[in-house]
Amino acid sequence: MSFPQPKPEVPQVPQHLLRTIDCQQGAVRAVRFNADGNYLLSCGSDKSLKLWSVSRGTLLKTYSGHGYEVLDADSSYDNSQLCSCSSDKTVILWDVATGQVTRKLRGHAGKVNCVQFNEEATVILSGSIDGTVRCWDTRSRKFDPIQILDEARDGVSSLKVSEHELLTGSVDGRVRRYDLRMGQLHVDFINSPITCVCFSADAQCILTSSLDSTIRLLDKSTGEMLGEYTGHTMKGYKLDCCLSSKDTHVLSCSEDGHIYCWDLVEGSLTLKLPVGKAVVQSLSFHPSETRLLTAMEGHIQVWGAEPDEQEDIVVVKQEVK
């Protein structure tokens, strides 16, 4: 009696380049998937924000209204609104369909590094080099923030929102987790300026990257260090790190032109993905699939676990010849 062969598992790491998008925005400061992963946002040094189809790599709309380079952006859960932040000290709320500016929010004293909606898209949270996080009500006609969090002693480089919790990383080397429901603040000290923070998908852990070229995985409730990931270079640039959608791998940008991917549990380097010869500025992992976006200079790369079917067809044609 013969048993059927087990199906080979789809690799959990995106390692095939599916397409490269020349976005013509100057340097791409940040690249982000939208809430469902069908679209992507690219933030350019040419003051523009662009919306693209991930599957086709086609430009859907350009949003112009910032006075200086765009540094971060986020999409609302229903894809009807976008928010973006810039070196011009402003945060802009956009209407996706019309491309018009719905609100332009001023109040930060310096460039705004990071921006995100809460889950209902009723509040925009923005973190700035001025050391504050400002919370803006998207439905109010008032132009003042509803709350200012000013505990950071240096610029806020990264923030993430998850339900009632806000996570911030600052150049003062501290990760701050605000429990907005309980009114509590938890601080973890990492002795190096922090460039990026994020929650794990199961909301039990915190991932941080810092300028000592180290990624750290912390237990959210105790602050205990669960893992350290090294090998990449991050010494002079604010670069992204993230977890894969199923929390199996840790990924990071690097100044040596690669994306580094480690096994979360073992801490071993699973993949060193060659993107190009310059600094990999930004990355974003698909919310549910094994897809990855990377940004280098004026281009965006879309990576998948397996080659696209269209690419397979091209290969077959070549073999027939």
Side-chain angles (χ1 to χ4, degrees), residues 21 23-34 39-52 61-76 81-94 101 103-117 124-136 145 149 152 154-161 166-172 193-198 208-211 234 236-242 252-253 255 278-284 293-300:
I21 301 169
C23 51
Q24 298 177 340
Q25 290 175 277
V28 180
R29 295 301 178 204
V31 62
R32 303 282 180 253
F33 274 113
N34 75 322
Y39 305 100
L40 71 88
L41 297 163
S42 59
C43 306
S45 60
D46 69 344
K47 313 174 192 175
S48 75
L49 173 68
K50 292 188 176 183
L51 179 70
W52 305 82
K61 210 160 199 69
T62 300
Y63 302 86
S64 301
H66 279 295
Y68 209 63
E69 57 185 9
V70 185
L71 297 177
D72 196 11
D74 192 28
S75 150
S76 63
Q81 300 181 101
L82 304 174
C83 61
S84 61
C85 62
S86 166
S87 295
D88 66 6
K89 308 179 189 177
T90 67
V91 175
I92 292 183
L93 178 66
W94 306 87
V101 174
R103 305 273 303 283
K104 191 175 249 192
L105 305 164
R106 296 181 177 89
H108 280 295
K111 70 176 182 178
V112 188
N113 288 320
C114 45
V115 68
Q116 198 181 354
F117 283 110
I124 296 171
L125 298 104
S126 57
S128 165
I129 200 171
D130 66 10
T132 67
V133 173
R134 292 174 188 249
C135 310
W136 314 86
L149 306 170
D154 209 327
V156 177
S157 55
S158 178
L159 64 80
K160 293 291 184 298
V161 189
L166 168 66
L167 188 65
T168 69
S170 169
V171 180
D172 65 10
I194 292 163
T195 64
C196 188
V197 292
C198 53
T208 72
S209 65
S210 48
L211 290 181
M234 194 183 299
Y237 290 86
K238 176 189 171 302
L239 305 181
D240 291 339
C241 69
C242 71
S252 174
C253 296
E255 292 169 19
V279 175
V280 187
Q281 280 276 340
S282 180
L283 58 75
S284 180
L293 300 174
T294 57
M296 177 179 281
E297 295 178 323
H299 296 83
I300 301 162

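Quick caveat, the model's predicted, so the values are computed rather than measured.
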Response to the item:
So CD1 of I129 and NE2 of H108: to nearest 0.5 Å the spacing works out to 12.0 Å
Discussion item. Quick one: does any side-chain atom of D240 pair with a main-chain N or O of L283 as donor and acceptor, under 3.5 Å?
Written reply: yes
Item to complete: To the nearest 0.5 angstrom, please state how far the OH atom of Y63 sits from the OG atom of S48.
Response: 11.5 Å
Item to complete: Give the intermediate values and the outcome of side-chain contact (heavy atoms from CB on, under 4.5 Å) for residues S84 and W94.
Response: CA-CA 8 Å; S84 61; W94 306 87; 2.8 Å; yes
Practice prompt. Would you mind reporting whether Y39 and S75 have side-chain heavy atoms less than 4.5 Å apart?
Written response: no
Item to complete: Could you walk me through whether V197 and T168 pass the side-chain contact (heavy atoms from CB on, under 4.5 Å) test, one step at a time?
Response: CA-CA 7 Å; V197 292; T168 69; 5.7 Å; no
Worksheet item: Quick one: does S284's side chain have a donor or acceptor within less than 3.5 Å of a partner on F33's backbone?
Response: yes
Worksheet item: Could you walk me through whether Q25 and S42 pass the side-chain hydrogen bond (donor to acceptor under 3.5 Å, both in side chains) check?
Response: CA-CA 9 Å; Q25 290 175 277; S42 59; 2.5 Å; yes
Discussion item. Please find the pair of heavy atoms, one from G155 and one from S170, that lie closest to each other, and give the distance.
Written reply: O-OG, 3.1 Å
Worksheet item: Can any side-chain N or O of D130 pair as donor or acceptor with the backbone N or O of A109 at less than 3.5 Å?
Response: yes
Fill in: Note, L159 side chain near L167 side chain (heavy atom, < 4.5 Å)
no
Item to complete: Report yes if the side chains of F117 and V161 come closer than 4.5 Å at any heavy-atom pair, otherwise no.
Response: no
Worksheet item: With respect to T90, which candidate in K111, R103, H66 satisfies the side chain to side chain donor-acceptor pair (under 3.5 Å) definition?
Response: H66
Worksheet item: How long is the gap from CG on N34 to CG on L40, to the nearest 0.5 Å?
Response: 8.5 Å
Item to complete: Would you tell me whether S157 and T195 have side-chain atoms, one donor and one acceptor, within less than 3.5 Å of each other?
Response: no
Worksheet item: Should C114 and V156 be marked as a side-chain contact (heavy atoms from CB on, under 4.5 Å) after you check the CA-CA gap, both sets of side-chain angles, and the distance that decides it?
Response: CA-CA 8 Å; C114 45; V156 177; 4.3 Å; yes
Worksheet item: In Å, rounded to the nearest 0.5 Å, how long is the span from CG of L93 to NZ of K104?
Response: 12.5 Å
Response to the item:
Of all heavy-atom pairs linking G110 and S128, the shortest is O-OG, 3.4 Å
Discussion item. With a 4.5 Å cut-off on side-chain heavy atoms, are S86 and K47 touching?
Written reply: no
Worksheet item: Considering residues at least two apart in sequence or located in another chain, which fulfil the side chain to side chain contact (heavy atoms under 4.5 Å, CB included) criterion with Y237?
Response: L239, E255, V279, Q281
Item to complete: Could you tell me whether a side-chain N or O of S76 sits under 3.5 Å from a main-chain N or O of Q81, the two making a donor and an acceptor?
Response: yes
Worksheet item: How long is the span from the SG atom in C85 to the CD1 atom in I92, to the nearest 0.5 Å?
Response: 10.0 Å
Worksheet item: Any side-chain heavy atom of D72 within less than 4.5 Å of one from R32?
Response: yes
Worksheet item: Roughly how far, to the nearest 0.5 Å, is the CG atom of L149 from the SG atom of C135?
Response: 5.0 Å
Worksheet, complete the sentence: For C23 and W52 the tightest heavy-atom approach is CB-CZ2, 3.3 Å
Discussion item. Could you tell me if the side chain of M234 sits less than 4.5 Å from the side chain of L211, heavy atoms only?
Written reply: yes
Worksheet entry | Closest contact, heavy atoms only, C241 versus C198 | O-SG, 4.1 Å
Discussion item. Side chains of L166 and V133, heavy atoms from C-beta outward: is any pair under 4.5 Å?
Written reply: yes
Discussion item. Please evaluate residues L41 and L51 with respect to the criterion side-chain contact (heavy atoms from CB on, under 4.5 Å), reporting the C-alpha separation (whole Å), side-chain torsions for both, the decisive distance (0.1 Å), and the verdict.
Written reply: CA-CA 5 Å; L41 297 163; L51 179 70; 3.8 Å; yes
Item to complete: Using a 4.5 Å cut-off on heavy atoms from C-beta on, say whether the side chain of V28 contacts that of H299.
Response: no
